[in-house]
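Since the structure comes first, as structure tokens, the remarks are kept for the end.
Just so it is clear: chains get the letters A, B, ... in the order the sequence lines come, proteins before strands, and each one is counted from 1.
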Amino acid sequence: MDLYGEFEWRGLVHDATEGAREALGQGQVTGYIGFDPTAPSLHVGSLLVMTALAHMQRCGHAPIAVVGGGTGLIGDPSGKTVERQLLTGEKVEENVAGIRAQLARFLDFDSTTAPARLVNNAEWLNKITAIDFMRDIGKHFSVNAMLAKDSVKRRLESEDGITYTEFSYSLLQAYDFLELFDRFNCTLQMGGSDQWGNITVGMDLIRRVRGAKVHGLVLPLITTASGTKFGKTESGTIWLDPALTKPYEFYQFWLNTHDRDAVKYLKFFTFLHRPEIEELERMTVREPERRHAQRKLAHEVTRLVHGAEAVRDAEVAGQKLFGGSLATMSVADLLQVFPNVPSTTADYVDAGWPIVEFLATSGVVTSKSEATRLIRGGGIYINDERVTDEKFRLLPVHAIQGQLFVVRKGKKDNYLVRLVR
RNA sequence: GGGGAGGUGGCGGAGCGGUCAAUCGCAGCAGACUGUAAAUCUGCCGUCCUAGUGGCUACGGAGGUUCGAACCCUCCCCUCCCCA
């Protein structure tokens, strides 16, 4: 299958170098994407480039995922307006380990025909000496040209300026590309659209020192129909790590995708083929209330990231919490979904708890003031029943079979609070 | 260097001595409607609590005048525009 055509149909090509399409059409290409270990987990914002790597492999090309154990120690100034805080070496290593595992889910390392690789650029960046770097790499760059780069220019104009460290970042990334070219004959670098500048620097370096023409392709910035930042919800970033974002929340995030974004995201984040996506599009137009596209999207993406079992749990939990009345539900049923939804415990107290205090200490809200505001606005429900009185005293007998409270904030934020004796 | 305009809550943008925690719009949260949508309408919207004619923090920074300052004065910092 033609990778470029696949990308194009899915709307994944924001920009590409001339000849990239042809190069991908003539035999196997080795391409890479870099991942910054700035956090211990990737988030949904990285999902697009991850699927891009997987698409490469599916089309018979050889993908390389590079985790920036070396560059992570510096920090990419692209898109940043202020100097970054440097991460410690241990922190970076920790983050690298977490990210590696997440990337591994998307790639097949055992393929004999189109092998995937996972490398850490610390492998070469930590070894090169300052003198070598300046002689072999630095010599090929004109500071005049570097100063003209947008990301640098913005920072030069800003009050805080830019340090030499961040200024040199793009050279390190260029060196990565060169190293991968030498080691694996890697001739393509992909990335988010903010990486275009860094990618072209690497292409220039390879052209100068090896006389070879390599390619770059950048993916679009993900936008939402409502104009909000993709990948954030009220409760924060949607992470890929199940310890940071429960698979249930992850599933709900996708399920709540805006109608106008659902099909676009199916193309972006799933590997479903064109006929199936087009059928889902038709179904969604016909019966928008069924949210065919959103359901499939949530199902597929959750499966890719967390596995089939997690999807089943997330779907069951969703049906339980949104499906019917809690009254007909057994504690056993609810306890079954307990680990899948945000949940806490509360210590048993005979006399019960003032509702406001209960909400604050269980972590459903951040302060008693917020609890009061929500109750006055009619946005708090205990076991499906709206709390109308902020002075209400919650008693152990109110718990479902004396064991469990289902606390709901607004329409869709469910929390389970279990009583502990 | 000279002249002019301006810095207010997440953003935009009013206010120009008391009734200012600060009009309004956007964003956000909650409610109604619905499809766990969108649009629309309603309420909330610095923050905390014992919820009160409550506490704390806030109109670039530091001082000052005043019973009282986002608002007046002084100095400083920063942004934008015009001229050199």
Side-chain angles (χ1 to χ4, degrees), chain A residues 81-82 154-161 223-238 245-266 280-299 301-302 311 313-326 329 337 340-342 353-361 363-382 384-393 406-416:
Chain A
T81 51
V82 288
R154 257 204 315 277
R155 290 279 291 274
L156 282 176
E157 285 161 5
S158 88
E159 197 188 332
D160 305 304
T223 57
T224 65
S226 44
T228 54
K229 197 166 157 51
F230 173 78
K232 298 261 196 241
T233 67
E234 193 225 331
S235 41
T237 305
I238 304 296
T245 301
K246 283 174 179 283
Y248 164 80
E249 296 170 90
F250 188 85
Y251 182 94
Q252 288 288 322
F253 166 76
W254 296 101
L255 184 65
N256 282 308
T257 299
H258 196 295
D259 285 7
R260 278 179 286 165
D261 288 328
V263 170
K264 179 169 82 180
Y265 290 177
L266 279 171
L280 283 163
E281 184 167 13
R282 279 192 295 274
M283 288 165 76
T284 303
V285 169
R286 206 179 325 123
E287 306 177 288
E289 71 282 4
R290 300 285 301 279
R291 287 182 296 171
H292 298 287
Q294 284 94 329
R295 280 180 205 288
K296 191 69 180 174
L297 177 69
H299 183 94
V301 181
T302 308
V311 173
D313 290 346
E315 285 175 344
V316 167
Q319 283 158 15
K320 293 239 159 87
L321 292 170
F322 290 102
S325 78
L326 289 171
M329 216 169 285
V337 305
N340 301 316
V341 303
W353 316 259
I355 184 67
V356 167
E357 197 178 310
F358 180 82
L359 293 171
T361 52
V364 175
V365 297
T366 54
S367 73
K368 294 188 197 174
S369 298
E370 192 191 342
T372 308
R373 263 197 296 279
L374 277 163
I375 291 171
R376 286 182 187 167
I380 290 290
Y381 308 77
I382 300 278
D384 251 3
E385 222 168 290
R386 178 178 283 165
V387 178
T388 50
D389 177 10
E390 67 207 60
K391 296 220 165 54
F392 176 70
R393 192 170 191 93
V406 177
V407 181
R408 185 148 60 85
K409 183 171 90 180
K411 279 272 181 285
K412 13 183 170 172
D413 276 346
N414 281 296
Y415 300 81
L416 290 180

* To do: Anything below 3.5 Å on both distances counts as a pair; with that, list the stems of at least three consecutive Watson-Crick or G-U pairs involving RNA chain B.
  => B:1-7 with B:77-83, B:10-12 with B:24-26, B:28-32 with B:40-44, B:46-48 with B:54-56, B:60-64 with B:72-76
Rounded to whole Å, please give me the gap between [atom1] in [X] and [atom2] in [N].
{"X": "A:Ile355", "N": "B:rU50", "atom1": "CD1", "atom2": "C1'", "result": "18 Å"}
{"X": "A:His292", "N": "B:rA37", "atom1": "NE2", "atom2": "C1'", "result": "14 Å"}
{"X": "A:Phe253", "N": "B:rU36", "atom1": "CZ", "atom2": "P", "result": "19 Å"}
{"X": "A:Arg291", "N": "B:rA38", "atom1": "CZ", "atom2": "C1'", "result": "12 Å"}
{"X": "A:Glu370", "N": "B:rG46", "atom1": "CD", "atom2": "P", "result": "13 Å"}
{"X": "A:Glu289", "N": "B:rA37", "atom1": "CD", "atom2": "C1'", "result": "10 Å"}
{"X": "A:Glu357", "N": "B:rA51", "atom1": "CD", "atom2": "P", "result": "13 Å"}
{"X": "A:Glu287", "N": "B:rG35", "atom1": "CD", "atom2": "P", "result": "13 Å"}

Let's see if you can work this out: which of [options] has an atom nearest to the side-chain heavy atoms of [X]?
{"X": "A:Lys411", "options": "B:rG35, B:rA51, B:rU34", "value": "B:rU34"}
{"X": "A:Arg373", "options": "B:rC45, B:rA38, B:rA32", "value": "B:rC45"}
{"X": "A:Lys368", "options": "B:rG35, B:rU36, B:rC49", "value": "B:rC49"}
{"X": "A:Asp259", "options": "B:rG35, B:rC48, B:rA38", "value": "B:rG35"}
{"X": "A:Ser369", "options": "B:rC49, B:rA38, B:rU36", "value": "B:rC49"}
{"X": "A:Leu255", "options": "B:rC49, B:rG35, B:rU36", "value": "B:rU36"}
{"X": "A:Ser367", "options": "B:rU36, B:rC48, B:rG35", "value": "B:rC48"}

What's the gap between [N] and [M] when it is taken at their [atom1] atoms, as a whole Å value?
{"N": "B:rC67", "M": "B:rG61", "atom1": "P", "result": "25 Å"}
{"N": "B:rC76", "M": "B:rC83", "atom1": "C1'", "result": "25 Å"}
{"N": "B:rA22", "M": "B:rC73", "atom1": "P", "result": "26 Å"}
{"N": "B:rU79", "M": "B:rG63", "atom1": "C1'", "result": "23 Å"}
{"N": "B:rG15", "M": "B:rG28", "atom1": "C1'", "result": "24 Å"}
{"N": "B:rA51", "M": "B:rG18", "atom1": "P", "result": "32 Å"}
{"N": "B:rU50", "M": "B:rC41", "atom1": "P", "result": "36 Å"}
{"N": "B:rG13", "M": "B:rU8", "atom1": "P", "result": "9 Å"}

* **Residue-phosphate contact under 4.0 Å: A:Arg408 side-chain N/O, B:rA30 OP1/OP2** => no
* Please state whether the phosphate of B:rU36, meaning OP1 or OP2, lies under 4.0 angstrom from any side-chain nitrogen or oxygen of A:Tyr381. => no
* Could you pick out which residue, A:Gly318 or A:Lys391, lies toward the 5' side of RNA chain B when each is mapped onto its nearest nucleotide? => A:Gly318
* **A:Tyr251 or A:Gly377, whichever maps to the more 5' nucleotide of RNA chain B** => A:Gly377
Backbone N/O of [Y] and side chain of [X]: donor-acceptor pair under 3.5 Å:
{"X": "A:Glu357", "Y": "A:Pro354", "answer": "no"}
{"X": "A:Arg286", "Y": "A:Pro288", "answer": "no"}
{"X": "A:Glu370", "Y": "A:Thr366", "answer": "yes"}

* To do: From the options A:Trp353, A:Tyr415, A:Phe392, select the one residue that forms a ring pair (Phe, Tyr, Trp, His ring centres under 6.0 Å) with A:Phe358.
  => A:Trp353
What N/O pairs connect the protein and nucleotides 56-58 of chain B at under 3.5 Å? Give each pair on its own line.
none

* Structure fact -> Correct closest heavy-atom pair for A:Thr245 and A:Phe250 would be CG2-N, 3.9 Å
* Identify the two heavy atoms, one from A:Tyr381 and one from A:Arg386, that lie closest to each other, and give their separation to 0.1 Å. => OH-NH2, 3.0 Å
* Determine whether any donor atom in the side chain of A:Gln252 lies under 3.5 Å from an acceptor atom in the base of B:rU36, or the reverse, and answer yes or no. => yes
* Could you state the interatomic distance from CG (A:Leu359) to CD1 (A:Ile375), rounded to the nearest 0.5 Å? -> 5.5 Å
* Which distance, rounded to the nearest 0.5 Å, do you find between the CD of A:Gln252 and the OG1 of A:Thr302? -> 9.5 Å
* Would you check if there is a donor-acceptor pair between the side chains of A:Arg290 and A:His292 at a distance under 3.5 Å? => no
* May I ask you to test the A:Asn414-A:Val341 pair for a side-chain heavy-atom distance under 4.5 Å? => no
* Determine whether A:Lys391 and A:Val356 make a side-chain contact, defined as any pair of heavy atoms from C-beta on separated by less than 4.5 Å. => no
* **Touch class at under 4.0 angstrom, heavy-atom based, for A:Arg290 against every strand present** => nothing
* To do: Take atom CD of A:Glu385 as the centre, draw a 6.0 Å sphere, and report whether it contains more than 12 heavy atoms from other residues, nucleotides or ligands.
  => no
